[in-house]
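This structure is a prediction, so every number in the text was calculated from the model and none was measured.
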Amino acid sequence: MADLTPSSTIAEACALWLIEKRRSQTVEASSIETYEATVRTVVLPACGAVTLQEMNAGRCDRIIQRVLDTRSPSAAKKLRGVLRQVLGLAIRHGALTTNPVQHVQRLPGTVKRESSLTTEQLIQIRGLLARWTRPRGPRPDANRLEDGIDIMLGTSARIGEAMALRRCDVDIDSDAPSILIASTLTQTKTDGLKRKNSPKQPRQIRRVSIPGFTVAAIRRRLDGAGPEGTAFLFVTKSGAAYSVSNFERLIRSFREDHLDELQKMGIDTEEFTPHLFRRTAATTIEREYGISLASRLLGHANENITRNSYVVSAEAVDPRTAGILDEFVGKRL
């Protein structure tokens, strides 16, 4: 790999940085694809021709602020994050002595999403699902959507974790039904749809006791799953795992078909995504039993993450979560 010099351009530095990322054994393929897209669509248009020696703090700041003004806070944050790493590589090559990104202005924080659903709203959503039809074409797969919602709502699992559940991960016949959240689904252009043998982070593996309405949803999913232990609960007609993007498309279709009804319920339709049900479960637990139990349920490493946004130091989550969700949600559904 060629060395960078002060006269190397940001584009050249990005190319070497991406090679380094691809060679890494710790960077997920999905993350590499995200980096590549950020370089192609944000970094190179903003400053690809600028040389490393020209990247002082003032110029870095102006470039990032221009992207903030002309594109979006998200694009500006992606630019800053990639530039910080790329210029760090330049320091290791001896082309820079300091990283100018450390001295740029702070970018505005992301607006925290705080919507959660009430029991009344969940009952109304269930009613809409029961009546969901279209004038033409096949009936939407409301049962799949309802089961996915009930599993996320009863466990606070991420959508990828829910779609990755297999027959061997669920125990619904014991006195304390539970599921093991130990994997997630990822999808990249290179590898396609794959099951990752841990959630977002390995430390987030956890066993969660589940309420009755989630047991019912899992029982329905098991009826359509293969007999082998590794059979996924959510599958396509061909028997393949049902992807996160497919489930997200399903929930978008439901939202678009019921915009007026959802708005009349007082629901922020922009936040009507799979994450809303994860947040609703955690909010219910936090309000009744505090931030510590909610943080364990979410799989967060510490309570500050739970407070600030929304993984677990021990595998088992307190089984009280199932009783709480049955008490405050399940008996009303």
(request) Given side-chain hydrogen bond (donor to acceptor under 3.5 Å, both in side chains), test R255 with T269 step by step and report yes or no. (result) CA-CA 7 Å; R255 180 184 65 201; T269 53; over 6 Å; no
(request) Please step through side chain to side chain contact (heavy atoms under 4.5 Å, CB included) for the pair V86 and M55, ending with a clear verdict. (result) CA-CA 11 Å; V86 168; M55 289 295 283; over 6 Å; no
(message) Do F272 and I125 make a side-chain contact, defined as non-hydrogen atoms from C-beta onward lying under 4.5 Å apart?
(response) yes
(request) Take R206 and E161 through the test side chain to side chain contact (heavy atoms under 4.5 Å, CB included) and record every step on the way to the result. (result) CA-CA 11 Å; R206 58 207 186 274; E161 295 167 346; 3.2 Å; yes
(message) Just to verify, what does T70 make a side-chain contact (heavy atoms from CB on, under 4.5 Å) with, not counting sequence neighbours?
(response) R66
(request) Using the test side chain to side chain donor-acceptor pair (under 3.5 Å), find all partners of Q124 that sit at least two apart in sequence or belong to another chain. (result) none
(message) For a quick test of reading the model, state the closest non-hydrogen atom pair linking P108 to L68 and the distance between them.
(response) CD-CD2, 4.0 Å
(request) Write down the atom of Q121, the atom of T118, and the distance for their closest heavy-atom approach. (result) OE1-N, 2.9 Å
(message) So, taking the atom named CD1 in I10 and the one named SG in C60, what distance separates them when rounded to the nearest 0.5 Å?
(response) 7.0 Å
(request) Taking side-chain contact (heavy atoms from CB on, under 4.5 Å) as the test, write out the residues that go with I123, two or more places apart. (result) T119, R332, L333
(request) Indicate the atoms forming the closest heavy-atom contact of L250 with Y242, along with that distance. (result) CD2-OH, 4.1 Å
(request) Under the salt bridge (charged side-chain N to carboxylate O under 4.0 Å, His left out) rule, collect the residues that match up with E261, sequence neighbours excluded. (result) none
(request) Could you tell me which residues satisfy side chain to side chain donor-acceptor pair (under 3.5 Å) with Q53, sequence neighbours excluded, listed by chain and number? (result) none
(request) Using the test side chain to side chain donor-acceptor pair (under 3.5 Å), find all partners of R166 that sit at least two apart in sequence or belong to another chain. (result) D169
(message) Apply side chain to side chain contact (heavy atoms under 4.5 Å, CB included) to residues L117 and L153 and explain how you reach the verdict.
(response) CA-CA 10 Å; L117 298 169; L153 188 62; over 6 Å; no
(message) Please report the interatomic distance OG(S7) to CG(L52), rounded to the nearest 0.5 Å.
(response) 8.0 Å
(request) Kindly compute the distance separating CG (L233) from CG (L165), expressed to the nearest 0.5 Å. (result) 5.5 Å
(message) I need the minimum non-hydrogen distance between A157 and I181, along with the two atoms involved.
(response) CB-CD1, 3.9 Å
(message) Quick check: closest heavy atoms across T133 and P140, and the distance to 0.1 Å?
(response) CA-CD, 4.0 Å
(request) Could you list the residues that satisfy side chain to side chain donor-acceptor pair (under 3.5 Å) with K21, not counting sequence neighbours? (result) Q85
(message) I'd like to know if the side chain of S72 pairs up with that of S74 as donor and acceptor (distance under 3.5 Å, no hydrogens or angles considered).
(response) no
(message) Tell me which pairs pass side-chain hydrogen bond (donor to acceptor under 3.5 Å, both in side chains) where either residue lies in residues 33-46, with sequence neighbours left out.
(response) R22-E36
(message) Please enumerate all residues that pass side-chain contact (heavy atoms from CB on, under 4.5 Å) together with A164, with sequence neighbours excluded.
(response) S183, L185
(message) Restricting to non-hydrogen atoms, name the atom on H258 and the atom on W132 that form the minimum distance, rounded to 0.1 Å.
(response) CE1-CD1, 3.2 Å
(message) Filter on salt bridge (charged side-chain N to carboxylate O under 4.0 Å, His left out), then keep only pairs touching residues 81-90, sequence neighbours left out; what's left?
(response) none
(message) For a quick check under 3.5 Å, do N246 and R249 share a side-chain donor-acceptor pair by atom type?
(response) yes
(message) Run the side chain to side chain contact (heavy atoms under 4.5 Å, CB included) test on S156 and T321 for me, step by step, so that the C-alpha distance in whole Å, both residues' side-chain angles and the decisive distance to 0.1 Å come before the verdict.
(response) CA-CA 10 Å; S156 201; T321 58; over 6 Å; no
(message) The criterion is side-chain contact (heavy atoms from CB on, under 4.5 Å); which residues satisfy it with P274, sequence neighbours excluded?
(response) M152, I159, F247, E248, I251
(message) With side-chain hydrogen bond (donor to acceptor under 3.5 Å, both in side chains) as the rule and sequence neighbours excluded, what pairs involving residues 221-230 come up?
(response) D147-R221
